[in-house]
Amino acid sequence: MLSDSPRSDAISKLILWALRSRWGLAAALMACNLGGLGLICVGLYVGGLLERLGPNPWHVIALAAIYPVCGALTGVALALRDRRLRFSWLAENRFPTAAEAHRLLNMPVVVSARALALWLPGTIICSAVLLHAMDGGRSTPALPLLLVLGAFEASGLTFLMVDRGLGPVIPAVAEVLGGTMHWSSTVRVRIVITWIVSGAIPLLMLIAVLADPGSDPAVRVHTGIFVALVGLFAGTLATVALALAVAAPLGLLRRAVDRIASGDLDVRVPVGSASEIGRLEHSVNELASNLAEREHMREVFDRHVGPEVAERALSGGEDLTGDVRIVTALFVDVVGSVALSTGLTPREFVAKLNRLLSIVVAATEDNGGLVNKFEGDAALCIFGAPLALRDNATPALRAARRIRDEVLAAGELDIGIGLARGSVFAGDVGTDTRLEFTVIGDAVNEAARLTAEAKRTPRRLLVSAAVIAAATAGERESWRPYRKIRLRGRTEATATWTDLEPRRTRRSDQPAVTVDAG
């Protein structure tokens, strides 16, 4: 799992701790409301409105503060209720239910709208109390406007705070709802609300103070400078925070995509929001997961049909065909497999067979051939299809000798190996729903019949003359004529070859060529 930075991880842990804490959510919401109250107090002070509250301003402020205190207590109670209803699954160390997950996504809108609903009655009550005491009751439009702006500031800060605070729990929501988005958490909504909180409201507060007919001209200048500086600072801070909130996950996504492109399919990114970025994070994770699954299927496909056939199938589309080629077919079969299978348990026999087939596969693939199919205790190997070889006879002969020698050294099984060369059809057979790459031709049949005869020869290897004729001169030196054998289903005898015995054990009295007329 990729992470943004240790600092970001620390912030996420702090937020999760606050959400689990009884008073964490209430404290965060109270801080947002204090931000709105602070904006009102700053506006009243720099605009000189507090000085116009008459001879006993603190008494007036105390009366005006009754509703804010009641509203704050109500907000704390509702925050404790939210924490119990919306985050109980955190305390229980489980994933949220679908209903709980949807409630979490709605939380920024619900909580900020509730904060605004608590603030607006207070703006009316406080405006009435302050205006009654101000300048003998003379009306000033700046005061109610400042209170309304403070209400919207607190509500906007609440939205941004809750939306940011949900980031660490969004991965759990994504586990339940999948790739989900909520309209209130989109980047567009965040940008608009950030601009309102950091730019529009301070600017409107400046306009309200400057347009107040009862304020002193010198106060207006000082107020304009002060509010402009505050707006500049708040706007810069909010813009930087918003830029980091967008740039950090995008940078993480870029690094994740780069790693996926380089072949690291285990990479995952945390889903940190219910915005377009969070949906993109989920999609990147799905992409990596799907590619990993496809790669696993391809590996399984390779093991079942061979990498060459798999590559041909994957690159050729649905309408796979074939062609006629001259290939060398190598057939391997176990001697006495029936007796072996009755004397061993099925698991023991399969274990022996798998060790034999691993030798066959390694020798075949190392020499550029394809293990086309396993047929019980036998295997058909093809040299020259689907991967064309300039010389397919020589590597087939080398592979045959290697298989026989390694199986003999292992001492577990006895085998026969036959090789034949000729023209075959190499391609796909089957239906639209099930295709198999195979080779069909007389060379395959001849190799299978030579294998049956090879089981009764001393060297366990029989090769048709066509294979020897196509091999290189150096390879032919390792082979000698054996016999002419009439293979099953043929009317004429087939000239066969076998490999030379090691010099120290070669029998000099064995005839070079014998003919089996039968």
Side-chain angles (χ1 to χ4, degrees), residues 324-341 353 356-357 359-360 363-364 367 369-385 392-404 407-408 413-426 429 436-471 475-476 479-499 511-518:
V324 176
R325 293 189 182 183
I326 296 178
V327 303
T328 299
L330 184 156
F331 204 86
V332 183
D333 197 9
V334 175
V335 176
S337 59
V338 175
L340 281 171
S341 62
L353 188 60
L356 162 68
L357 297 178
I359 294 173
V360 174
T364 301
N367 286 278
L370 166 72
V371 180
N372 180 237
K373 63 183 66 178
F374 298 121
E375 298 179 352
D377 55 359
L380 171 63
C381 309
I382 303 299
F383 295 81
N392 55 56
T394 301
L397 293 171
R398 291 173 181 167
R401 287 190 288 114
R402 175 177 163 180
I403 293 170
R404 191 272 321 280
V407 172
L408 180 63
L413 296 172
D414 191 10
I415 60 171
I417 302 177
L419 285 86
R421 188 170 188 270
S423 179
V424 300
F425 170 82
V429 296
E436 179 181 359
F437 179 85
T438 189
V439 288
I440 301 174
D442 185 61
V444 177
N445 300 329
E446 186 178 11
R449 291 181 173 92
L450 285 172
T451 301
E453 298 294 333
K455 294 178 181 180
R456 297 190 287 271
T457 63
R459 301 293 293 162
R460 298 296 193 264
L461 259 175
L462 282 182
V463 182
S464 69
V467 180
I468 299 298
E475 179 62 28
R476 285 198 297 268
W479 299 82
R480 65 177 178 84
Y482 181 65
R483 292 179 180 176
K484 284 189 175 182
I485 302 174
R486 181 176 294 170
L487 302 177
R488 181 171 56 86
R490 295 176 179 265
T491 58
E492 296 182 0
T494 300
T496 62
W497 293 59
T498 191
D499 68 323
V513 180
T514 58
V515 177
D516 184 359

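A quick note: this is a predicted structure, and the numbers were derived from the prediction, not measured. Numbers here are sequence positions counted from 1.
A side-chain contact (heavy atoms from CB on, under 4.5 Å) with T328 is found for exactly one of T394, V424, N392, I382, namely N392. A side-chain contact (heavy atoms from CB on, under 4.5 Å) with L450 is found for exactly one of T496, V467, L461, I485, namely T496. Screening V360, L356, V332, V334 against V407 for a side-chain contact (heavy atoms from CB on, under 4.5 Å) leaves a single residue, L356.
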Subject >> Residues D442, R490; criterion side chain to side chain contact (heavy atoms under 4.5 Å, CB included); working and verdict >> reply: CA-CA 11 Å; D442 185 61; R490 295 176 179 265; 2.8 Å; yes

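Residues V371 and L357 have side chains not in contact (no heavy-atom distance under 4.5 Å, counting atoms from C-beta outward). Taking 4.5 Å as the limit, some side-chain heavy atom of R480 sits within range of a side-chain heavy atom of T498.
Among all heavy-atom pairs drawn from L370 and T364, the shortest one is N-CG2, 3.6 Å. Residue F374 comes nearest to A379 through the heavy atom pair CD2-CB, 3.8 Å, listed as atom of the first residue, atom of the second, then distance. Among all heavy-atom pairs drawn from E375 and K373, the shortest one is OE2-CD, 3.1 Å. Across all non-hydrogen atoms, the minimal contact from A396 to L330 is O-CD1, 3.6 Å. Here the closest non-hydrogen pair linking R421 and S464 is N-OG, 3.7 Å. Contact detail for A471 and L397: the closest heavy-atom pair is CB-CD1, 3.6 Å.
One finds the CZ atom of F331 at 10.5 Å from the CG atom of N372 (value rounded to the nearest 0.5 Å). To the nearest 0.5 Å, the span separating CG on L462 from CD on E446 amounts to 11.0 Å. K455 contributes atom NZ, which lies 11.5 Å from atom OG1 of T457 (distance to the nearest 0.5 angstrom). Taking CZ of R402 as the reference point, atom CG of N367 lies at 6.5 Å (rounded to 0.5 Å). Taking CG from D414 and CG from D333, the interatomic distance works out to 10.5 Å, rounded to the nearest 0.5 Å. Note that the CZ atom of R483 and the CD atom of E453 stand 9.5 Å from one another [nearest 0.5 Å].
Looking at residues two or more places apart in sequence or on another chain, you find a salt bridge (Lys or Arg N to Asp or Glu O under 4.0 Å) between E475 and R398, R401. The side chain to side chain donor-acceptor pair (under 3.5 Å) search around D499 returns R404, R459, not counting sequence neighbours.
Between the side chain of R325 and the backbone N or O of G384, at least one donor-acceptor pair lies under 3.5 Å. Using modelled atom types, no side-chain atom of S337 and backbone atom of D377 make a donor-acceptor pair closer than 3.5 Å.
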